[in-house]
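Read through the structure below, which is laid out as structure tokens, and then see the notes.
For the numbers below, each heavy atom of this structure counts, side chains included, while hydrogens, waters and symmetry mates do not.
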Amino acid sequence: LALGKRYRKNIVTGLDSKIAYCKKQGIDFVIGGDEYYDRTRPRAWSKLKMIEKLIDENEYEWIFMSDADVIIKNMDISILNILKEYETNDEVIIMVKDAWENINSGNMFIKCCEKSKEIIKSAWNRTNRIYHKWWENAALVDEYAEKKEFIKVEEDNRKFNSYDIDFLITIDFDKKF
């Protein structure tokens with residue numbers, strides 16, 4: 001989901017990495033835009049509407065939702081192989097913990113089925129989370145707390161959501177680059 005020309009310009013590296021990755025892996029790449037944007041909420045919430053629509057279209061068995069600002073660096077690891085570890089379980093949504101051990105919806109697998117759609121809609125309806133600092137992620141964490149039998153949280157963030165935490169911590173934001 002990449003909303004607005006200005007934002008798309010800022011995240012072009014992430015989008016380009018996803019396009020190249022999908023091409024190499026033979027996976028469809030779908031980018032959402034303003035057609036999914038619900039202006040009554042912060043932009044990040046609109047990815048739930050995009051997921052719901054993709055489930056309704058019934059074109060895919062699974063969706064891998066990756067936030068627009070994510071950059072894929074290893075083009076050789078197939079998310080299809082990662083998914084094989086989970087596809088025989090009852091879980092319909094697979095999220096991962098980030099480097100700080102928080103559940104993160106920035107990269108997640110969603111099975112295209114009614115149970116997933118129900119969970120996504122339920123997260124959307126958590127209006128008490130609309131302006132939470134984690135937005136839709138907070139709503140999905142609440143869903144996990146209530147529906148653990150259907151939502152898997154992968155503890156090993158290196159499987160499909162990893163970055164160099166030491167680099168992030170050592171950045172001096174007062175310096176100009």
Please check if Ile71 and Leu15 belong to a single hydrophobic cluster, counting links between Ile, Leu, Val, Met, Phe, Trp and Tyr side chain heavy atoms closer than 4.5 Å. no

Could you measure the distance from the CD1 atom of Ile119 to the CD1 atom of Ile51? Nearest 0.5 Å is fine. 11.5 Å

Neighbour count >12 (heavy atoms, 6.0 Å) for atom CG, Asn128: yes

Is there a donor-acceptor pair under 3.5 Å between the side chain of Glu154 and the backbone N or O of Asp156? yes

Applying side chain to side chain contact (heavy atoms under 4.5 Å, CB included), run through Glu155 and Glu101 and close with a yes or a no. CA-CA 8 Å; Glu155 299 287 331; Glu101 298 296 313; 4.2 Å; yes

Quick one: are Asp76 and Lys24 in side-chain contact, heavy atoms under 4.5 Å? yes

Do the side chains of Asp38 and Arg43 get close enough for a salt bridge, i.e. N-O under 4.0 angstrom? no

Can you tell me how far apart NZ (Lys115) and CD1 (Ile93) are? Round to the nearest 0.5 Å. 10.0 Å

Can you tell if the side chain of Met65 reaches within under 4.5 Å of the side chain of Met50, non-hydrogen atoms only? yes

Do the charged groups of Glu35 and Lys53 touch, with an N to O distance under 4.0 Å? no

Check Ile120, Ile151, Ile103 against Leu140 for a side chain to side chain contact (heavy atoms under 4.5 Å, CB included) and give me the one that passes. Ile120

Shortest non-hydrogen contact from Glu136 toward Ser105: OE2-OG, 3.2 Å

Would Val12 and Phe29 show up in the same hydrophobic cluster when neighbours are defined by side-chain heavy atoms closer than 4.5 Å? no

If the plane angle is over 60° it's perpendicular, under 30° parallel, otherwise tilted; pick one for Trp62 and Phe109. perpendicular

Got a sec: does the CH2 of Trp45 have more than 12 other heavy atoms crowding it under 6.0 Å? yes

Looking only at heavy atoms, which two atoms of Met95 and Asn104 are closest? And how far apart? CB-O, 3.8 Å

What are the two closest heavy atoms between Ala138 and Arg129, and how far apart are they? CB-CD, 3.8 Å

Is it the case that the side chain of Ser17 and the backbone of Ile72 share a donor-acceptor pair, with hydrogens and angles ignored and the cut-off at 3.5 Å? yes

Please assess Asp56 against Lys117 for the test side chain to side chain contact (heavy atoms under 4.5 Å, CB included), listing each intermediate value before the final yes or no. CA-CA 8 Å; Asp56 285 343; Lys117 187 174 171 180; 2.4 Å; yes

Donor-acceptor pair, distance only, cut-off 3.5 Å: does the side chain of Asp69 make one with the backbone of Gly14? no

Checking side chain to side chain contact (heavy atoms under 4.5 Å, CB included) for the pair Cys113/Ile55: CA distance, chi angles, key distance, verdict? CA-CA 7 Å; Cys113 66; Ile55 291 171; over 6 Å; no

Return yes when atom CD of Glu149 has more than 12 non-hydrogen atoms of other residues, nucleotides or ligands closer than 6.0 Å, and no otherwise. yes

For the pair Leu54 and Glu59, evaluate side chain to side chain contact (heavy atoms under 4.5 Å, CB included) and give the outcome as yes or no after the intermediate values. CA-CA 7 Å; Leu54 288 170; Glu59 193 172 330; over 6 Å; no

Shortest non-hydrogen contact between Ile27 and Tyr21, atoms and distance: CD1-CE2, 4.2 Å

Is there side-chain contact between Asp28 and Cys22, with at least one heavy-atom pair below 4.5 Å? no

Look up atom NZ in Lys47 and atom OG in Ser66, then write down how far apart they are to the nearest 0.5 Å. 8.5 Å

How long is the straight-line distance from NZ of Lys152 back to CG of Asp90, given to the nearest 0.5 Å? 12.5 Å

Quick one: pull up CE in Met108 and OG in Ser116 and give me the separation to the nearest 0.5 Å. 9.5 Å

Does any N or O in the side chain of Tyr86 come within less than 3.5 Å of the main-chain N or O of Val92, such that one atom is a donor and the other an acceptor? no

Do the charged groups of Glu146 and Arg126 touch, with an N to O distance under 4.0 Å? yes

Could you tell me which non-hydrogen atom of Trp135 sits nearest to which non-hydrogen atom of Ile130, and how far apart they are? CD1-O, 3.2 Å

Tell me whether the NZ or CZ atom of Lys49 lies within the 45° cone about the ring axis of Tyr36 and under 6.0 Å from its centre. no

Any side-chain heavy-atom pair of Ser122 and Glu143 under 4.5 Å: yes

Rounded distance (nearest 0.5 Å) linking atom CH2 of Trp134 with atom CG of Asp142: 10.0 Å

For the student: nearest non-hydrogen atoms of Ala68 and Lys18, plus distance: O-NZ, 3.5 Å

